Amino acid sequence: MNDMEIKELQQADAPELIEGVHGYSSETNWVKPENPITLERLEWFKDQKLALMMHWGPYSQIEVESWILSDEDGDWARKDVEWTSDYEELKREYFGLNRTFNPIRFQPELWAEIAAEGGFKYLIFTTKHHDGYCMWDTHTTNYRITGSETPFHAHRYADVCKHVFDAFRSKGLAIAAYFSKADWQSPYYWAPGMERGSNTWRGPSYSPGEYPWLWEQFVDFTHEQIMELMSRYGRIDILWLDAGWVKDSDQVKQDIRLGEVVERARQTQPWLLSADRTVGGPYENYVTPEQTIPERPLNVPWESCITIGTQWAFKYDDQYKSGRELVRILMEVVSKGGNLALNIGPQPDGRLPAGAVKSIYELGAWMKIYGEAVYGTRVCEPYFSGSCAFTSKGSTVYCTYLYESADKAVDKIVHIPYQEPVSAIELVGSDALLKVEHTPEGISITLPDGELNGQAPIAHVFRMQKGEEAK
């Protein structure tokens, strides 16, 4: 593969990339599944609303993910690499991180308890990132958590995916297996001594069209890894596929025959959803905006993945969003018809960062009272107005009136821009009677005096019944 081909691929990918970060496929690229089971599971998916995402691997030791391995992405991926300018040595050191990865404080049951307390309904766990390091007991490579070079391999929790999946299922959470279609450690993808030499990019080091026998080895390798996860680790609800450049493209053809392996997996797990992100087509069952929220509601199933801190991997001095901030993000996403996947990067010793856990508990405390305005809801005009997030469930409409900070003044009268007729309005979490007035702009609600004392809450949630006002 020559430099011109590389540039052509980058130009083709440009609309979905901003500083190396993936956006999401357009609605026009979404293909409605024909399988009735898949359609039913998409309705289940839209009910869940809140996922815990986890990026974890040997890279947690250096606070940066595997993107630093790609020379073509170095301008943005290596901005936090200050300890060396020798990037060939950097690659050798990175791939050697498995020899020091020893998370002896890993407690999967505690992780699951924290997630359940936070109100999460499903887990998205990185079984393998682009670096190729496997967090399960794969038989395809020794570059794995149970490999002989990793000191954790003899630990009782060494098969991390097994214990994480089992623990989260025991708390009632569904499982999504994140899997990178690229594999920068595999000699079938980044093949030593091939055309690109040491100048790496995110794609293969050779042209699959010119070396079909080598590419076929990579396809077989990828299928075997996916089927291990789909056949040996219990019920998997979602196969969450990253590395959107690995696709049947006109620029650099990287066809891994994804449909073949997904349909094979569905023979034993017929409920399986697949999220072949940023690719479009029949196996991107829902789209996945990253670190952003669409400006308007999308007319297809979708899920925004957003970090609780500032990055995907663990960072020692990271700053975490507060419970108030998480609620605001969640309600904007849900009011626009999406799910929210909040990412946390576990520490290299196996613990979850205390700052992130604090925010998760704050979110969970709010969800215990107001979750009815979130779970199982659908979109409702006028959707999201900055201070108001609207959701609906049957004949009930919820308005979540958000306060930016605890210091925000709580007005006696709250104005809601909802113009449809309602027969009754209640304040969720309170038995207080509300005085309501219909105005040309919507509805004015007089709050009880008890709601005006002290700091502003995260939100007031109003439960409104559709129908003509009682005379």
Side-chain angles (χ1 to χ4, degrees), residues 24 41-55 111-126 164-165 167-178 237-238 240 273 275 277 285-294 297-298 301-309 312 320-345 352 356-380 383-384 389-393 398 400 402 428 458-459 461:
Y24 55 93
R41 292 304 291 171
L42 281 174
E43 290 304 308
W44 164 85
F45 168 79
K46 290 189 285 187
D47 286 342
Q48 306 311 300
K49 302 305 182 189
L50 187 58
L52 179 63
M53 191 176 202
M54 299 179 118
H55 278 71
W111 283 15
E113 289 176 10
I114 292 170
E117 192 69 19
F120 295 98
K121 294 300 183 181
Y122 60 108
L123 169 74
I124 307 170
F125 187 76
T126 46
V164 167
F165 292 171
F168 277 72
R169 282 195 207 98
S170 72
K171 291 295 183 180
L173 277 77
I175 303 298
Y178 171 115
D237 296 276
I238 302 167
W240 206 97
L273 295 175
R277 63 187 312 258
N285 294 154
Y286 63 86
V287 299
T288 53
E290 179 176 328
Q291 294 287 47
T292 188
I293 303 172
L298 300 183
W302 62 279
E303 167 196 84
S304 273
C305 47
I306 294 177
T307 53
I308 298 178
W312 302 102
Y320 297 100
K321 299 174 180 67
S322 67
R324 184 182 296 270
E325 292 174 291
L326 296 182
V327 169
R328 172 171 284 273
I329 291 169
L330 172 65
M331 294 315 301
E332 181 175 357
V333 167
V334 172
S335 66
K336 294 178 179 180
N339 287 9
L340 175 62
L342 288 173
N343 181 85
I344 181 174
L352 300 183
V357 172
K358 179 177 181 292
S359 297
I360 287 172
Y361 282 153
E362 290 173 356
L363 172 61
W366 190 87
M367 291 290 282
K368 284 180 180 178
I369 300 173
Y370 304 107
E372 65 176 274
V374 179
Y375 304 122
T377 60
R378 295 295 184 266
V379 294
C380 175
Y383 311 116
F384 185 77
F390 292 89
T391 55
S392 67
K393 190 183 297 180
Y398 296 93
T400 302
L402 297 152
V428 176
I458 290 175
V461 179

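Keep in mind that the numbers below use all heavy atoms, side chains included, and drop hydrogens, waters and symmetry copies. From a predicted model like this one, the values you see are computed outputs, not experimental measurements.
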Show me the side-chain donor-acceptor pairs of residues 361-368 shorter than 3.5 Å, one per line, residues at least two apart or across chains.
residue, atom, partner, partner atom, Å
Glu362, OE1, Gly323, N, 2.7
Glu362, OE2, Lys358, NZ, 2.6
Lys368, NZ, Glu117, OE2, 2.4

Inset, instruction - State, yes or no, whether a side-chain contact exists between Thr307 and Trp312 at a heavy-atom distance under 4.5 Å. - result: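 Side chain of Thr307 against side chain of Trp312, heavy atoms only: contact under 4.5 Å found.
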
Legend entry - Side-chain donor/acceptor of Lys336 to backbone N/O of Pro294, under 3.5 Å: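 Yes; at least one donor-acceptor contact below 3.5 Å.
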
Legend entry - Arg277 CZ to Cys305 SG distance, which is reported to the nearest 0.5 Å: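 Between atom CZ of Arg277 and atom SG of Cys305 there are 5.0 Å.
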
Legend entry - Side chains of Ile124 and Ile238 in contact at under 4.5 Å (non-hydrogen atoms):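 Not in contact.
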
Legend entry - Heavy-atom check, side chain of Lys121 versus side chain of Lys49, under 4.5 Å: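 Counting from C-beta outward, Lys121 and Lys49 never come under 4.5 Å.
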
Inset, instruction - State, yes or no, whether a side-chain contact exists between Tyr370 and Tyr398 at a heavy-atom distance under 4.5 Å. - result: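 When only atoms from C-beta onward are counted, Tyr398 and Tyr370 do not touch, as no gap falls below 4.5 Å.
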
Legend entry - Separation between CD1 of Ile114 and CZ of Phe120, rounded to the nearest 0.5 Å: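 Spacing of CD1 (Ile114) from CZ (Phe120) equals 10.5 Å.
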
Legend entry - Aromatic ring pairing Phe125/Phe165, orientation class (parallel under 30°, perpendicular over 60°, tilted between):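 Rings of Phe125 and Phe165: perpendicular, over 60°.
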
Legend entry - Tyr320 side chain reached by Ile344 side chain, heavy atoms, under 4.5 Å: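 The answer is no, as the side chains (C-beta and beyond) never meet within the 4.5 Å cut-off.
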
Inset, instruction - Classify the side-chain pair Asn339/Tyr286 by whether it contains a donor and acceptor separated by less than 3.5 Å. - result: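 Looking only at side-chain atoms, Tyr286 and Asn339 do not form any donor-acceptor pair under 3.5 Å.
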
Inset, instruction - Answer yes or no: is there a donor N or O on one side and an acceptor on the other, between the side chain of Lys393 and the main chain of Glu372, under 3.5 Å? - result: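 It does hold such a pair.
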
Legend entry - Expected output: side-chain Lys321 to main-chain Gly309 donor-acceptor under 3.5 Å: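 Yes, because the side chain of Lys321 sits within donor-acceptor range (under 3.5 Å) of the backbone of Gly309.
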
Legend entry - From Glu325 atom CD to Ile458 atom CD1, the distance as rounded to the nearest 0.5 Å: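 Here the interatomic distance stands at 10.5 Å.
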
Legend entry - Test item: Val374 and Thr391 side chains (from C-beta on) under 4.5 Å apart, heavy atoms: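 Not in contact.
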
Inset, instruction - Any chance you could measure Leu340, atom CG, to Leu50, atom CG, to the nearest 0.5 Å? - result: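 Going from CG on Leu340 over to CG on Leu50, the span is 6.0 Å.
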
Legend entry - Distance, nearest 0.5 Å, that separates CD1 of Ile306 from CG of Asn343: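 So the gap between those two atoms works out to 11.0 Å.
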
Inset, instruction - Indicate yes or no: at least one non-hydrogen side-chain atom of Phe384 is less than 4.5 angstrom from one of Ile293. - result: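 Side chain of Phe384 against side chain of Ile293, heavy atoms only: no contact under 4.5 Å found.
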
Inset, instruction - Answer yes or no: is there a side-chain heavy-atom contact under 4.5 Å between Val333 and Trp302? - result: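 In contact.
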
Inset, instruction - Heavy atoms only: give me the nearest Ser359-Ile308 pair and the separation to one decimal. - result: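 Closest approach of Ser359 to Ile308: CB-CG2, 4.4 Å.
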
Inset, instruction - Decide, yes or no, whether a salt bridge links Arg41 with Asp237 under the criterion of side-chain N to carboxylate O below 4.0 Å. - result: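 Looking at Asp237 together with Arg41, the answer is yes, because their closest N to O distance falls below 4.0 Å.
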
Legend entry - Ala115 versus Leu173, closest heavy-atom pair with distance: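 Of all heavy-atom pairs spanning Ala115 and Leu173, the closest is CB-CD2, 4.0 Å.
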
Inset, instruction - May I have the step-by-step check of side chain to side chain contact (heavy atoms under 4.5 Å, CB included) for Leu123 and Trp111, ending in yes or no? - result: CA-CA 11 Å; Leu123 169 74; Trp111 283 15; over 6 Å; no

Inset, instruction - Could you grab the distance from atom CE of Met53 to atom OH of Tyr178, nearest 0.5 Å is fine? - result: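 Nearest 0.5 Å value for the CE-OH distance: 6.5 Å.
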
Inset, instruction - List the steps, then state whether side chain to side chain contact (heavy atoms under 4.5 Å, CB included) holds for Leu42 with Leu273. - result: CA-CA 8 Å; Leu42 281 174; Leu273 295 175; 4.0 Å; yes

Legend entry - Val379 versus Ser392, closest heavy-atom pair with distance: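 Closest heavy-atom pair between Val379 and Ser392: O-OG, 3.4 Å.
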
Legend entry - Nearest non-hydrogen partners of Phe390 and Cys380, listed with the distance: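 What the structure gives for the nearest pair is CB-O, 3.5 Å.
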
Legend entry - Ion pair Glu332/Arg328, N-O distance below 4.0 Å: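 Result for this pair is no, no salt bridge flagged.
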
